Amino acid sequence: MNEQSGAEIWDLPVKGQPGAMAIVGPRAYVATDLGRIIAVGSR
Amino acid sequence: MNRSFVLTDDAIRAALMPAAEVRAPIDLGPSIRAAIESVPQQRPSTLASFLAPAARPLRVLAIAAVVALLAIVGLLLAIGQRQPIPTQLAVDAPMFRGGPARTGLVAGPGPAANPVIRWDVGLQGPVAANSAAVVGGVVYVADGGGGITALDATTGTKRWSITLPTSANVSPAVAGGLVVVGDSGGDVIALDQATDAQRWTLHTDDTVRSSPAIADGSVYVGSQDGHLYAIDLASGTKRWKFDAGGAITRSPAVDGGVVVIGAEGSILSAIDAKTGVAKWQDHLGTGAGTGTIATPAVHAGVVLATIGVDDAQAQHTLFAVDAATGTERWHWDSPTGEQIYVGSVDGDVVIVNSLDDDIYALQAHRRARRPAPRRPCAGSSRPVAQWGPRRRSRPVSSMSPVGTGPFTP
């Protein structure tokens with residue numbers, strides 16, 4: 001989401017309930033309740 | 001007085017030396033052409049100079065440099081084939097909510113539009129409550145199965161993995177070459193960042209669900225035994241132990257030499273990071289003593305913490321408290337009564353995630369210039385923006401802009 005306006009920038013479905021996230025550079029690392037760690041990045 | 005320069009044929013001849021080879025007639029165009037043609041063109045070629053006998057030392061040196069360069073390139077290519085070189089990341093996320101102050105701020109920029117899943121790795125247990133730490137191109141994550149795993153941030157390839165005897169429901173903190181975690185057996189454990197070798201362990205008297213904060217060479221972590229511990233990062237020696245007045249299930253925030261921790265019983269404490277002496281300790285809210293305080297964030301002298309006043313588990317009121325004195329500046333109640341969490345604070349904006357599927361943006365310091373009344377008459381804060389209208393039913397965590405989700409401790 002855009003920090004200022006709240007407008008949605010992107011939406012990516014993942015398996016399980018996503019929870020805590022770490023963002024480093026162009027990537028986000030998302031943990032889920034299914035015991036997975038997922039790296040999300042640009043194409 | 002203006003001076004003018006007259007371009008005469010003699011002047012042109014003088015400029016195009018050698019003058020003796022410039023011939024008449026004195027017609028401007030032909031004379032210039034003739035003068036240029038008269039200049040000797042005897043520049044030797046570069047190759048000819050290089051092959052000349054006098055240039056032999058230069059030749060040997062250049063050939064040696066080319067051979068050395070080719071050898072280095074070949075060596076790098078060979079190493080690259082054996083193990084991919086991780087992308088050099090510009091910044092790190094060494095602990096829960098990005099750093100010890102728990103502001104949730106990261107340099108980003110985060111994935112751009114239309115992102116994809118780059119890799120997806122299964123662990124030994126659920127990890128939704130914990131965030132990964134990312135340092136030096138390696139992702140460190142703890143899971144409910146007791147696994148501590150290090151993965152290559154670029155490829156997801158496992159670097160190392162160990163299994164603790166009990167679950168590790170915390171976010172690791174990485175600093176000084178160590179990965180620090182807590183487990184349900186009450187241990188705080190430091191592992192070598194590169195090899196997974198265990199460097200030290202400090203035992204507490206109950207489960208550690210508090211994610212460690214590391215600042216200025218010390219580890220700060222809470223235990224459900226009701227104490228906040230300060231541990232020397234390098235040696236694992238306990239520096240001090242603070243009675244928080246209730247079980248600690250959430251994580252401390254450290255900023256400006258002060259550690260802030262919430263405990264069961266609605267107790268919020270600020271402790272001197274060096275001495276372990278309380279600067280202030282107070283009940284948030286009505287003082288009913290039933291609420292649990294979530295992990296606070298500290299920013300610009302203000303502590304932001306959510307608390308469930310009536311329910312021991314759900315935090316639905318956000319308090320802004322002066323970090324120096326403990327005086328409440330304002331509070332804000334979730335409009336739906338649903339659980340809320342501080343996502344991030346930056347400048348004057350606090351991002352609050354809610355289980356009501358909305359995200360709220362509040363002004364953090366709107367009442368900073370006004371006299372702050374004491375509880376229970378403290379002012380309230382209204383959101384300056386509210387995002388995520390319930391046009392869709394989905395977890396708010398998927399929209400978190402800064403890296404925290406609804407289950408973060």
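Quantities reported herein were computed from a predicted structural model and do not represent experimental measurements. Chain letters run A, B, ... following the sequence lines, proteins first and then strands; every chain starts at 1.
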Heavy-atom side-chain contact between B/Val106 and A/Val24 under 4.5 Å: no
For B/Val139, is it the side chain, the backbone, both, or neither that has a heavy atom closer than 4.5 Å to a heavy atom of chain A? side chain
Give the minimum heavy-atom separation between A/Pro26 and B/Pro109, together with the two atoms involved. N-CD, 4.0 Å
Rounded to the nearest 0.5 Å, how far does CZ of A/Arg36 lie from CH2 of B/Trp119? 10.5 Å
Distance in Å, B/Asn114 CG paired with A/Ile9 CD1, rounded so as to fall on 0.5 Å steps: 11.5 Å
Scored by heavy-atom pairs under 4.5 Å with chain A, the best of B/Gly122, B/Ala113, B/Gly98 is B/Gly122
Under 4.5 Å, counting heavy-atom pairs only, tell me which of B/Val116, B/Asp143, B/Leu123 racks up the most with chain A. B/Val116
Is the side chain of A/Tyr29 donor-acceptor paired with the backbone N or O of B/Ala153 at a distance under 3.5 Å, no angle test? yes
Donor-acceptor contact present, side-chain A/Ser42 to main-chain B/Ala112, <3.5 Å: yes
Identify the heavy atoms of B/Arg118 and A/Val40 that sit nearest to each other, and give their distance. CG-C, 4.2 Å
Using every non-hydrogen atom in the two residues, find where A/Ile23 and B/Ala93 come nearest and quote the distance to one decimal. O-CB, 4.1 Å
So how far is it from A/Ile38 CD1 to B/Ile117 CD1, rounded to the nearest 0.5 Å? 5.0 Å
What residues form a side-chain contact (heavy atoms from CB on, under 4.5 Å) with B/Ser161, not counting sequence neighbours? B/Gln124, B/Thr149, B/Lys158
